[in-house]
Amino acid sequence: MAALPPGSTIGILGGGQLGRMLAIAAAQLGYRCHIFAPPGDNVACDVAPGFTVAEYDDLAALEAFAQNCDVVTFEFENVPVAPLESITRLVPVYPPLEALEVAQDRAAEKQFVRALGGRTAEFAVAQDESDVPAAIAAVGIPCILKTIRMGYDGKGQARITAQSDIVGAWERTGAQALIAEAMVSFDAEFSVILVRSQDGEIRFWDSSRNLHIGGILATSTLPSGPLVESQQQAARDMASAVATALNYVGVFTAEFFASAQGPLFNEIAPRVHNSGHWTIEGAATSQFENHIRAICGLPLGSTATVADRVEMHNLIGDDGAQFEQILADPAAHLHLYGKAEARPGRKIGHVTRLYR
Ligand code: AMP
């Protein structure tokens, strides 16, 4: 595809903070964004000149949206694939829907990565409640039950540390197909975030070390330390093999555990990622801008880190109340997402501190 000229319209499926930051990056390059999202606290709509509030399977609304856009992307990996397929004949959609399909299914994504030579934790599928004991027995206790579909930020998960935890676990995870995944002993978590252009060029940002609390990302830090640095190249090779096999266009994230045996793949996100928010100020080109560049057919920007040390902290629940203290720190860059309600566990912003 020839480069989309500034002034063109980019459609974004999903109305959360990732869409908001994509729309801000797109506006800087002279594009207009049109958000498509179901009713809710759609904070991306605050910064986009167009939006459609409709369900993701409303075909008439999707087609009208597609006719109004020059390219369509998504910021949310649980958008249903089948209705989206119907708009691919009206407008280019990046990343490709196959990536969305693979990422929506925890079992399929692990199998996809394994087929390309990647390592994952041991896992076993339970399609219904009666399969759960056998799946747990196959991987052993301790393990984690994770729903195959629709899980994010630790939701749809249950830790099994004793036989007695099995009782009621099916209901606790939402009574739907799941995997039992062996508990991994790891020393650090990190992600590979890359951008792939329409002609197959790949660029990587430095991998930050990611700390999760309660299944939710709390901080991303750079430098990531010797352990992550020593595993980054192998993880990059694995992530780029997956992105290339999917003929991917845009920003792609793969999360890893740094284990004694090397990088162990955890999951992919076919989109910009929370562990890449530091790139807004900490890299020459942010993940958001490079995603827009890739889907619009523009040259990719440099992904070089521009500070000696970078720390990104998520602001969760009522953490945003500290905004004045944060702003008093000259190292801090504050991002608040404009959410109407600061519920516990809800990401309402982030702060990135740069040190040179
Ligand atoms: P996920 O939704 O798979 O990204 O899981 C959320 C977080 O739970 C991860 O970032 C880890 O901190 C933790 N976790 C997930 N799977 C495992 C595992 N197999 N072993 C140990 N910790 C895990």
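Whatever order the structure lists them in is the order used to number ligands and atoms, beginning at 1.
Counting only non-hydrogen atoms, the option in Arg106, His212, Glu181, Glu189 that gets closest to atom 11 (C) of ligand 1 is Glu189.
Interface of Phe186 with ligand 1, defined as ligand atoms under 4.0 Å from a residue heavy atom, comprises 21 (C), 22 (N). Those atoms of ligand 1 that come under 4.0 Å of a heavy atom in Gln157, given as number and element, are 1 (P), 2 (O), 3 (O), 5 (O). Annotation for ligand 1: atoms under 4.0 Å from non-hydrogen atoms of Met183 are 20 (N), 21 (C). Taking every non-hydrogen atom of Val184 and a distance limit under 4.0 Å, the qualifying atoms of ligand 1 come out as 18 (C), 19 (N), 20 (N), 21 (C).
The shell of residues lying under 4.0 angstrom from ligand 1, judged by heavy atoms, includes Arg159.
Considering backbone and side-chain N/O of Asn266, one or more are found under 3.5 Å from N/O of ligand 1. Among the atoms of Ala182, some N or O lies under 3.5 angstrom from an N or O of ligand 1.
Under the ring-ring contact (aromatic ring centres under 6.0 Å, His included) test applied with Phe65, the options Phe36, Tyr56, Phe51 reduce to a single match, Phe36. Test Phe265, Trp205, Phe204, Phe256 against Phe190 for ring-ring contact (aromatic ring centres under 6.0 Å, His included) and you get one pass: Phe256.
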Exercise. Apply salt bridge (Lys or Arg N to Asp or Glu O under 4.0 Å) to the pair Glu181 and Lys146, showing each step before the final yes or no.
Key: CA-CA 7 Å; Glu181 185 178 305; Lys146 299 182 177 180; 3.1 Å; yes
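For CD of Gln163, the number of neighbouring non-hydrogen atoms (other residues, nucleotides, ligands) closer than 6.0 Å is 12 at most. Arg32 CZ: 12 or fewer foreign heavy atoms inside a 6.0 Å radius.
Salt-bridge check for Glu267 with Arg106: passed, with a basic side-chain N closer than 4.0 Å to an acidic carboxylate O.
Arg159 contributes no side-chain N or O that, together with a main-chain N or O of Cys143, makes up a donor-acceptor pair within less than 3.5 Å.
Under 4.0 Å from ligand 1, the heavy atoms of Ile144 that appear belong solely to its side chain.
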